[in-house]
Amino acid sequence: MNEQTTTQHRFQPLPDAGERGIFISLEGIEGCGKSTQSDLLSRFLSERRIPTIRTKEPGATAIGGEIRKILLHADHVGMSPICEALLYLADRAQHHDEVVSPALSTGTWVVCDRYHDSTLAYQGAARKVSHHDLNNIFMLATGGLQPDLTILLDLDVAIGLNRALTRNREQQNQMTEGRFEAEAEPFHQAVRQAFLRMAEEQPHRFIVVEAARTPEDIAEEIRGIVTHRFANFF
Ligand code: TYD
């Protein structure tokens with residue numbers, strides 16, 4: 001089998017919108033509350049009898065779990081930006097084939113904590129890997145599958161980092177997962193600004209939600225956005 005055939009055969013076209021599930025991603029800097037919000041949103045959808053899975057990147061599959069350990073371990077300070085980018089995209093390829101695409105094809109909605117916009121913000125804007133190259137590998141990994149809606153939880157960097165460090169300390173996983181939280185503030189500022197830029201450039205896909213509020217207030221706003229955007233399902 002030649003290279004072209006392998007790539008072509010990897011991606012069965014998803015059913016038309018309406019038959020396939022809706023793909024929603026949540027993005028934002030460390031400590032912005034994505035996991036709480038993806039949990040609340042997926043529960044809300046399930047309560048409305050919409051078949052939904054909640055998933056995340058990196059590490060939602062068994063193979064991805066191994067990749068996640070390599071990516072986030074605090075000892076791996078010497079990892080090259082390209083190695084890092086390829087590992088996130090490897091995780092995404094496995095996640096796409098094993099979880100995201102099968103769910104969407106059978107009409108299940110997917111609520112995903114981080115997706116390719118994180119790669120463009122962290123590895124692209126902050127680590128300076130070329131966007132063009134990242135997008136080419138993204139095409140290889142997923143066929144270019146983009147979320148129908150991306151919710152950007154925007155938060156001041158100092159507040160987010162403080163929350164993330166406290167959480168890591170409480171869960172005692174600083175050594176096994178602390179590599180990104182250990183980055184200095186300018187790194188996280190670059191990530192935040194990159195997310196805001198992408199949201200401005202793609203207003204049809206992104207919605208920015210102010211994340212310095214109570215989880216319940218944020219969840220209510222997100223429920224409003226989703227029920228309005230996909231009104232025919234509710
Ligand atoms: P995680 O513990 O899942 O953190 P969070 O709750 O903030 O999502 O760790 C994921 C880390 O990986 C986080 O620091 C962001 C980073 N990341 C990238 O750098 N690139 C990516 O493509 C993805 C998906 C995550």
Side-chain angles (χ1 to χ4, degrees), residues 23 25-41 54-61 63-74 76-77 79-96 99-100 110-131 133-135 137-138 140-142 145-147 150-157 159-185 187-195 198 211 215:
F23 183 15
S25 63
L26 285 95
E27 296 282 6
I29 60 163
E30 323 289 313
C32 70
K34 282 178 291 74
S35 21
T36 306
Q37 293 305 325
S38 54
D39 183 35
L40 292 171
L41 175 60
R54 175 191 172 207
T55 186
K56 68 174 291 177
E57 292 190 359
T61 61
I63 292 167
E66 296 303 310
I67 297 175
R68 179 183 170 96
K69 282 187 213 158
I70 302 173
L71 275 168
L72 301 186
H73 202 289
H76 295 171
V77 280
M79 189 181 292
S80 90
I82 305 279
C83 173
E84 185 179 287
L86 291 171
L87 286 173
Y88 277 110
L89 282 149
D91 171 73
R92 186 156 308 125
Q94 187 65 30
H95 190 215
H96 172 273
V99 179
V100 178
V110 174
V111 175
C112 190
D113 190 337
R114 295 197 185 279
Y115 190 62
H116 190 57
D117 300 309
S118 277
T119 305
L120 294 176
Y122 283 81
Q123 284 65 53
R127 299 263 199 243
K128 311 274 183 253
V129 179
S130 132
H131 278 230
D133 290 342
L134 293 173
N135 283 334
I137 308 166
F138 172 61
L140 178 69
T142 69
L145 178 71
Q146 285 287 13
T150 297
I151 295 165
L152 172 59
L153 293 171
D154 182 50
L155 185 64
D156 180 79
V157 166
I159 301 175
L161 273 185
N162 206 14
R163 280 195 204 162
L165 289 170
T166 310
R167 178 192 62 195
N168 268 4
R169 233 172 273 132
E170 279 166 10
Q171 295 171 356
Q172 297 186 320
N173 62 4
Q174 266 154 307
M175 278 322 289
T176 52
E177 295 212 329
R179 201 161 67 84
F180 281 85
E181 285 85 347
E183 289 289 346
E185 199 169 317
F187 177 92
H188 296 280
Q189 292 289 7
V191 171
R192 181 186 185 198
Q193 292 312 320
F195 278 133
M198 287 189 269

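These figures come from a predicted structure and were not determined experimentally. Atoms within a ligand are numbered from 1 in the order they appear, just like the ligands themselves.
A cation-pi arrangement is present between R92 and Y115 under the rule of less than 6.0 angstrom and at most 45 degrees off the ring axis.
If you look at R167 next to ligand 1, the close heavy atoms, those under 4.0 Å, all belong to the side chain. The part of K34 lying near ligand 1 is the side chain, judged by heavy-atom distances below 4.0 Å. Contacts between L72 and ligand 1 below 4.0 angstrom, taking non-hydrogen atoms only, involve the side chain exclusively.
Under the salt bridge (charged side-chain N to carboxylate O under 4.0 Å, His left out) criterion, R167 pairs with E181, sequence neighbours left out. Not counting sequence neighbours, the partners of D117 by the side chain to side chain donor-acceptor pair (under 3.5 Å) test are R205.
When only interatomic distances are considered, the shortest N/O to N/O separation between K56 and ligand 1 falls below 3.5 Å. The shortest N or O to N or O distance between E30 and ligand 1 is under 3.5 Å. Of the polar atoms of Q123, at least one N or O is found under 3.5 Å from an N or O of ligand 1, judged by distance alone. Polar contact check, R114 against ligand 1: a nitrogen or oxygen pair lies under 3.5 Å apart. Between R68 and ligand 1, at least one pair of N/O atoms sits closer than 3.5 Å.
Look at E27 and K34 and you find no salt bridge, because none of the NZ, NE, NH1 or NH2 atoms lies under 4.0 Å from a carboxylate O. Salt bridge R179/E84: present, at least one basic N to carboxylate O contact under 4.0 Å.
Residues I159 and D156 have side chains in contact (heavy-atom distance under 4.5 Å, counting atoms from C-beta outward).
At least one heavy atom of R92 sits less than 4.0 Å from an atom of ligand 1. In this structure, P58 is part of the shell of residues with a heavy atom less than 4.0 angstrom from ligand 1.
When each atom of ligand 1 is checked for a heavy atom of E57 under 4.0 Å away, the hits are 24 (C). Using a 4.0 Å cut-off to heavy atoms of T119, the atoms of ligand 1 that qualify are 21 (C), 22 (O). Against a heavy-atom cut-off of under 4.0 Å, F180 is close to the following atoms of ligand 1: 14 (O), 19 (O).
A distance-only check finds no donor-acceptor pair linking the side chain of Q123 to the backbone of K128 [under 3.5 Å]. At distances below 3.5 Å, at least one donor-acceptor pair connects side-chain atoms of D91 with backbone N or O atoms of G59.
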Between D154 and F195, is a side chain to side chain contact (heavy atoms under 4.5 Å, CB included) present by the stated rule, with each step listed? CA-CA 9 Å; D154 182 50; F195 278 133; over 6 Å; no
